Structures are given as structure tokens and as C-alpha cells.
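Written below as C-alpha cells is the structure these notes are about.
We're numbering straight along the sequence, starting at 1. Here the structure is a predicted model, which means the values were calculated and not measured. Read the numbers this way: they start at 1 and go in the same order the structure lists the ligands and their atoms.
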Amino acid sequence: MQKIVDMLSEETGKAFEAAGYDKSYAKVSLSNRPDLCDYQCNGAMPLAKQAHKAPIMIAEDIAEKLKGCEMLESVEAAAPGFLNMTLSKAFLAGYINKMEDDENMGFEKTKSPKNIIIDYGGPNVAKPLHVGHLRSAIIGESIKRTGRYVGHKVTGDVHLGDWGLQMGLIITELKERKPNLVYFDDSYEGEYPAEAPFTVSELEEIYPTASGKSKEDEAYKNAALEATAELQGGRRGYQALLSHILNVSVTDLKKNYKNLNVEFDLWLGESDAQPYVPDMIEKMEKDGIAYESEGALVVDVAEESDSKEIPPCIVRKSDGASLYATTDLATLVQRMKDFNPDKVLYVVDKRQDMHFLQVFRTARKAGIVKPETELEFLGFGTMNGKDGKPFKTREGGVMRLEHLIKDINEEMLKKIMDNANSKSDEVDEKKAKETAEIVALSALKYGDLSNQASKNYVFDIDRFTSFEGNTGPYILYTIVRIKSILEKYLSAGKSASGKSVLADFSEVEKGLMLELVKFESVVKGAYEDSAPHKICAYIYDVSNAFNRFYHEINVMGEEDEDKQASYIKMLDLTKRILEKCIDLLGFEAPDKM
Ligand code: ARG
């Protein structure tokens, strides 16, 4: 639906013209004095100089022309030159009714859909998922869902880290433990077994063991480096081991991501990009973009306007190995060939910003992407503990994601039980556990997403799981409250179908309506800016507006059937908007809590 601010800007533009002024000054915005009016236009002030007239006089001229505008109940000029506008009740109620009647709550899909790839998740194969990967998954998933809702074609790629030293380490350790495996027999020419020679838990233990050993034992480390090089060089037995490692790991990762309500369309990894490396490098050399420097092959990416030094991008090490940047460039070659995206968005730790700057510039310079292909890096901050340092376990180790989720589930269950006990409600333990998991996910995701992505934030389990304040559980509690009213209404045998939101509403209803009408512009803005926190801020406002309504109005006690139906219509719209928004954030509401 056309936004109210745009409708008002259009009307105001006509008024500017009718009064003989330039209509480009007629932009209307939300009021920053909601106690005085709903919307405002400040155009008279900047126009004053050019028009050689006092701003208040201009504002008065416009106000005069806007009299009789059906959308407005009142329009006033206020010193020094503001135009204060208050919506007419009939118009606002009509607008809300249109939203309520529309399947998509008035939300219109974009008219210029784009083809977008989001690179997020980025787990490293055979290493357990840790909280560092949590933010990428949570933020990327939300942007993906929002982009799709806006109408774009969005493909999520997990971009597995499966091409580094960790593979060589695992192979080396496996060779020490089971030297007779056929994978290590150079003369073997047959098929390799379909079954992996290890389980997930073995694999998870093998990597840290190997990594520990390599730090102490030089020869072990060299063996791992060599195994990595041999794997990358295409040694058959090692390639077969790689696919076992991948299979076992990916099955486990999928399970973990499912618990987080995160889903990827593509499970490609760094290794999938390797076939593109040789041609890509050859072309860079041929085009004279890449040159040898101290044995390595580099691309200059510094630009004159840089305020700090941007070192050259190394695309091949002196020993011939490819690097992180090589892989990311080759991945772009692959993505352009297979998907021809308009945009590639990377949701990665902000400490990798230099890497992406170098990769993006190299990709442009080498013509890997088209000039119009957008490359965007959304760098997120660190999740810290209460001590302000990166989040750790109580013992000081790296917190594994599974453990973190377990902790938050337990804390949530405790809060739900306490809450039920304080109301002396009967609780079914199994149900309570299921509910706790749903609510805990909202606590975790909202706790993350409500912060601007680039900022660090403090993981505060107690605050995140609270039913009060700016938290996921508070939003869910609000939805559950609305569901319960709607259910009571239905169980009383009533129906609001055919009825509508009435125009004689009170202030507290209006407060809620003015929030609801922002739905489309908030969601679109959040997508444009890759900023899920804007959706969080919005649903917090909607929830607060609803809760004010709830404390003032007794819906079920209302005797006037039309009035009651009007409340119900508004609550239904509120519920649908909140539910859509949390779906975009990547979680859902239980029926009861
Ligand atoms: N695996 C990497 C890490 O754990 C993140 C990958 C990010 N994506 C990319 N295209 N480089 O740091």
C-alpha cells in the first residue's frame, strides 16, 4: 500500500504548488512531537530564504490550502515554520481496515526484484560450531528471510570452511591411529569404502588433539602441512577422506542449524571453488593485474583516496598454495557463472573487513564481477561476556554452541516454571520444556538481533530471558496475550468477519494504529540497510503500544458488539504483523507460555 507519509507528501506538494511554491519542499515525515500532531512538514524553513518570506507565513499559506484535505483532521502552522498535521479518524481507520483485509497486511513486494546471494554461517568442517558462528547464522538468516519477503530472489550459501590446514591435521592424526586404512595406501586403485572410518564424536575429538600436537611437535606439523598440500594437489585417498569428513560433519551441522531455525539453500564450501583457481590466476597474470613480489603473486588494490594503507592482495603464496583470498575470489568466479547475482552479501566477523576489502577490489580489478554487481560486507561485532571480553565458558574455554543453547534452554525453563508457580498454574513438564525451547530461541536471537550488527554486545542470559523489557520473551508474551483474547472471543461463539475497525477510536487505540501503519516501511528499510535491529525496535514499539491498549481496554467486557469487533480486528492485525516480523527475525511464538 502507498505509505501514509507519501500520500501526505503528495497532497502537501499540491498545496505548495497551489500557493505558488516549489513542491520539492513538501516532504512530510512522522512527527517528532507526537503530543502535538501525527505528521509534520518542515519545508517552509529551508524555502524561506529563496521565497523572501517568513517561514511561518509560508506554513500558514500551505495550511490554508490543505484545509479540506480528507486525510487530515487538522493542519496548523506552528512557529517558526512547522506544519503540524493530525490524521482524520475516518482516514486512519480506513487505512487500517485495508491492511487488515489484505493477506499481506498491505505489504507490497518490490517491483525490481534482484538476484542475491548471502554468504553466512561459515562453519569450519570438523571443528565444533562455536558462538563466533552464531552471530553470522542468526543475522544472515534474518536478512535472507526479509529479502525474500520484500520480493527478491535470495539464495543462502553456508560457505563451509573445508580447505585449510585443519584437513591436513585430521588426515595426519588418522594416519597415526589407523595407518593400515586403504586411504593411505598409494598403490590402491580400487573404490574406497562408502562408510566413514570415524564417527562424529571421534572426528570432533581428532581435530583438537591434532591441533594441540602440531603446536608442540614440529615434525607433526610438517606432516600436516604436507598432507594439506597433497590433498589440495588431488591425492585420491585424501580426497576420499575429505568427502567422508565432509559428509559426517555436514550431517551434524545440519542438525545444529535446524535447532537454530536456520536453513541454507547451498552447502558449498571452499573446496568447491578450487577448480576455478588455476584459470583465474592465469588470467590475472595474463592481464597484468597480478605480479610476482618476493615469490608470491599479488594484486595491488590501494586507491588514491584511501585514508589508511591497504596492502596488496596475495593470491598465491611463494610455495604455490592458495590462500583465503584466492578461495573467496574463485568462489566469486563460481557464483557469477552459476547464479549471475546482482549482489553478494557476506555476513562475517568485522575483524575480517580488510580481507573483504582486498577481495572486493581484486574482483573488480580482475573483472571477476560486473561493474554493477554489488559486493557488500556486513561485519558484525563480538559477543562478549559480562566482563566485556569475548564470551567464554566458565572454565575459560571456547563456548560450544550446543552448550550455550542448553544453558539458555534451562534458564528459560526455570523462568517459565517460576512464572507458572507464582500464578499457581498447573504445568505439564513436557509441554513446558517444548515451550521453553521455543522461547529460549527468541531470547537468544532477539538478544543478538536487537543490537546493531556491527556493534559488540554483552550476552546476558538473565536479561535476555526476562519477560519484561526489550527482549524476545516479552515480544512472545505479547503475542500470546493477543492470541488468548482472540481465542476467548471465538470460544464465546462470536465472529468479527464482515465487521471493521470503527472511526471513533480512543487515544490508546490510535497509538497502536499509528505503529501498525509503519509495517511496510520498517521492513523495507531494515532490508535496505541490512539491519534486522530495526525490525526489533519496531516490534518493541508495537508491543508497548498494544500493552498500553491492553491495560486500558477490556475487550471481552465490551458490550457494544461493533465496538468489540473493532477491537478484535485491530488485535488480529497486530498479531499478524508481530508474527510476520518474528518470522523475519527467525523465530516463532508458542500458543501459550
Ligand atoms: N570460515 C570462516 C571463519 O570461520 C568464515 C567464512 C566467511 N565467508 C567467506 N566467504 N569468507 O572465519
Side-chain angles (χ1 to χ4, degrees), residues 116-141 143-144 154-170 204 207-208 211 228 242 245-246 249-250 252-253 256-257 260 262 264-274 276-277 280 313-315 322-339 341 343-363 368-369 373-383 390-391 398-401 453-454 530:
I116 295 158
I117 292 182
I118 307 190
D119 178 316
Y120 70 110
N124 299 313
V125 164
K127 297 194 203 174
L129 276 180
H130 61 75
V131 297
H133 295 113
L134 178 69
R135 295 212 71 191
S136 180
I138 293 180
I139 299 168
E141 179 71 18
I143 297 177
K144 180 189 77 181
V154 189
T155 308
D157 182 6
V158 72
H159 198 71
L160 291 170
D162 60 359
W163 197 245
L165 179 61
Q166 87 254 36
M167 296 301 160
L169 284 165
I170 293 168
E204 281 187 354
Y207 172 71
S211 157
T228 311
L242 174 69
I245 299 173
L246 275 175
S249 249
V250 165
D252 188 55
L253 282 170
N256 273 292
Y257 282 123
L260 280 176
V262 169
F264 298 95
D265 307 289
L266 301 175
W267 279 84
L268 294 174
E270 296 173 346
S271 65
D272 293 292
Q274 300 315 315
Y276 298 89
V277 171
M280 176 182 86
C313 181
I314 308 177
V315 293
S322 32
L323 295 97
Y324 191 36
T326 325
T327 299
D328 265 324
L329 287 164
T331 303
L332 270 174
V333 173
Q334 181 182 24
R335 286 176 177 161
M336 290 308 290
K337 177 180 144 287
D338 294 345
F339 297 94
K343 171 172 166 179
V344 185
L345 170 69
Y346 298 80
V347 185
V348 185
D349 192 313
K350 74 173 171 205
R351 286 168 291 190
Q352 296 191 18
D353 61 347
M354 179 60 88
H355 163 76
F356 282 101
L357 184 68
Q358 292 174 312
V359 167
F360 293 175
R361 287 189 180 178
T362 306
I368 291 173
V369 297
T373 313
E374 277 177 76
L375 298 173
E376 187 183 322
F377 171 62
L378 178 61
F380 52 79
T382 316
M383 177 172 127
F391 195 80
V398 178
M399 178 64 128
R400 287 176 57 161
L401 194 55
S454 61
S530 302

Which protein residues come within less than 4.0 angstrom of ligand 1, counting heavy atoms only?
Asp119, Gly122, Asn124, His133, His159, Tyr324, Asp328, Tyr346, Val348, Gln352, Phe356
Does a donor on one side chain and an acceptor on the other come within less than 3.5 Å for Asp162 and Ser271?
yes
Return yes when atom CD1 of Ile314 has more than 12 non-hydrogen atoms of other residues, nucleotides or ligands closer than 6.0 Å, and no otherwise.
no
Quickly, which of Val333, Val315, Leu332 forms a side-chain contact (heavy atoms from CB on, under 4.5 Å) with Met280? Name it, please.
Val333
Any chance the rings of Phe360 and Phe377 have centres within less than 6.0 Å?
no
Suppose we screen for salt bridge (charged side-chain N to carboxylate O under 4.0 Å, His left out). Which residues come up paired with Glu141, at least two apart in sequence or across chains?
Lys144, Arg145
Within the 3.5 Å criterion, strictly below it, is a donor on Gln352 or Tyr346 matched to an acceptor on the partner's side chain?
no
